[in-house]
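Okay, structure first, notes after.
In what follows, every chain begins at residue 1, and chains take the letters A, B, ... in the order their sequences are listed. As the structure is a computational prediction, the values presented were derived from the model and not from experiment.
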Amino acid sequence: MPELPEVETTRRGVWPYIRDRKIIDCVVHQPSLRWPVPDNFAHELLGRQVKGLTRRAKYLVFELDNGLGFLMHLGMSGSLRLTEPIQALRKHDHLLMTLDSGRQLRFHDPRRFGCVLWLDGLPAAHALLNHLGPEPLGDSFTAAYLHGKAKGRKVPIKNFIMDAAVVVGVGNIYASEALYRAGIHPKRAAGRISLTRMERLVTAVRAVLVESIAQGGTTLRDFLNESGEPGYFKQSLSVYGKAGQPCLTCGSEISAVRLGQRSTFFCPNCQR
DNA sequence: ATATGAGCCTGTATGC
DNA sequence: TGCATACAGGCTCATA
């Protein structure tokens with residue numbers, strides 16, 4: 001399930017192979033993603049050169065040589081891979097882009113929670129992006145910001161940091177991990193956390209993401225002709241999915257609760 | 001305005 | 001062995 005580190009790793013992994021490449025063929029096999037792939041998508045891409053690949057939150061932003069661009073979201077099960085065009089199609093290979101290098105970029109997404117959409121104008125103005133909070137690894141994600149934003153809010157801090165209007169890219173797994181590192185109980189009301197503890201939280205969120213990106217760089221180094229699935233699950237997690245196991249810090253049993261319909265893991269002793 | 005819940009979709013894991 | 005069911009999850013939208 002691609003969270004921000006996986007999306008960033010994908011971006012870095014794919015970019016060298018698509019940079020300045022011309023799209024000489026494009027096929028949409030399955031337009032029915034979270035939103036329909038635009039009708040004209042394949043046609044409009046023909047002959048275009050890829051000039052940029054950036055990321056905003058968990059969205060990949062493709063820029064073309066004619067000023068057009070499109071968004072791609074990997075949803076929960078999406079992935080991008082470069083293959084030889086003759087390689088057999090896998091089930092759920094929904095979008096194929098053949099490049100003038102002879103390679104083919106394939107968007108694969110079993111659950112189809114992902115999307116591919118035209119960008120009309122600046123990315124920041126797009127309806128899916130214009131309400132988003134700061135990047136967690138950017139300069140504007142600070143303790144002061146978080147503390148101010150949380151003022152008066154009663155939502156559990158975990159839901160709060162998973163709210164894309166507050167800060168983007170903190171998915172369910174990393175939310176639990178970051179709160180564990182910061183020693184903050186996931187159910188604590190967002191508005192009742194001191195500036196000092198928010199400081200720890202900001203540091204923890206950053207650290208968890210940075211480390212995971214670094215790991216992605218080693219486990220996902222090959223985006224070419226990938227046969228197996230990427231090693232997203234090999235990341236070292238401290239609490240996520242570890243209910244009943246001893247806390248790495250104090251030995252207490254890790255607890256599991258549901259918060260906002262999401263599995264949440266924490267150490268009842270270390271996190272207050 | 002804030003908070004909560006439904007729904008999109010299918011592979012995998014579980015129980016019978 | 002097969003079938004049914006639950007669950008996972010990011011994100012938007014609808015409702016309280």
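Minimum atom distance to the side chain of R111(A) is reached by dA8(C), of the listed dC11(C), dA8(C), dC8(B). When the nucleotides dG10(C), dT12(C), dG11(B) are ranked by their closest atom to the side chain of K91(A), dG11(B) comes out on top. Side-chain atoms of Q261(A) lie closest to dA6(B) of the nucleotides dA6(B), dA8(C), dG10(C). Of all nucleotides listed (dA8(C), dA6(B), dG10(C)), dG10(C) comes nearest to the side chain of K58(A).
Taking the charged nitrogens against the carboxylate oxygens, R181(A) and E177(A) have no contact shorter than 4.0 Å, which rules out a salt bridge.
A distance-only check finds no donor-acceptor pair linking the side chain of R112(A) to the backbone of G114(A) [under 3.5 Å]. Using modelled atom types, no side-chain atom of H29(A) and backbone atom of L96(A) make a donor-acceptor pair closer than 3.5 Å. Under the 3.5 Å distance criterion, the side-chain polar atoms of R106(A) are left unmatched by any main-chain donor or acceptor of S79(A). Listed for the S212(A) side chain is no donor-acceptor partner under 3.5 Å among the backbone atoms of V208(A). Side chain of E3(A) to backbone of G171(A): a donor-acceptor contact under 3.5 angstrom is found. Checking side-chain atoms of D100(A) against main-chain N and O of K22(A) turns up a donor-acceptor pair under 3.5 Å.
With rounding to the nearest 0.5 Å, the separation of NE2 in H43(A) from SG in C26(A) is 11.5 Å.
Checking N66(A), D20(A), D65(A) one by one against K51(A), the side-chain hydrogen bond (donor to acceptor under 3.5 Å, both in side chains) holds for a single residue, D20(A).
The interatomic distance linking R258(A) (CZ) with dC7(C) (P) rounds to 7 Å, in whole Å. Rounded to whole angstrom, the span from the CG atom of D163(A) across to the P atom of dT2(B) amounts to 10 Å. Between F113(A) atom CZ and dC7(C) atom P there is a gap of 15 Å when expressed in whole angstrom units. Rounded to an integer number of Å, the gap from CG of L74(A) to P of dC11(C) is 10 Å. Between H108(A) atom NE2 and dG11(B) atom P there is a gap of 9 Å when expressed in whole angstrom units. At whole-Å resolution of the value, CG in L259(A) and P in dG5(B) are 11 Å apart. Taking atom NZ of K187(A) as the reference point, atom P of dA3(B) lies 16 Å away to the nearest angstrom. Rounded to a whole Å, the CG atom of D109(A) is 12 Å from the C1' atom of dG11(B).
Taking every heavy atom of residues 144-160 of chain A and every atom of DNA chain B, pairs under 4.0 Å involve R153(A), K154(A), V155(A), by number.
Taking 4.0 angstrom as the limit, R262(A) places none of its side-chain polar atoms (N or O) nearer than this to OP1 or OP2 of dT4(B). A close approach under 4.0 Å does not occur between any side-chain nitrogen or oxygen of S77(A) and OP1 or OP2 of dG11(B). Look at H92(A) and you'll find a side-chain N or O under 4.0 angstrom from OP1 or OP2 of dG11(B).
Rounded to 10 degrees, the angle separating the terminal axes of the helix from dT2(B)-dA16(C) to dC16(B)-dG2(C) is 50°, with each axis obtained from five end pairs.
The base of dC11(C) lies close enough to the side chain of R34(A) for a donor and an acceptor atom to sit less than 3.5 Å apart.
Here the side chains of V166(A) and I161(A) are not in contact, with every heavy-atom distance at 4.5 Å or above.
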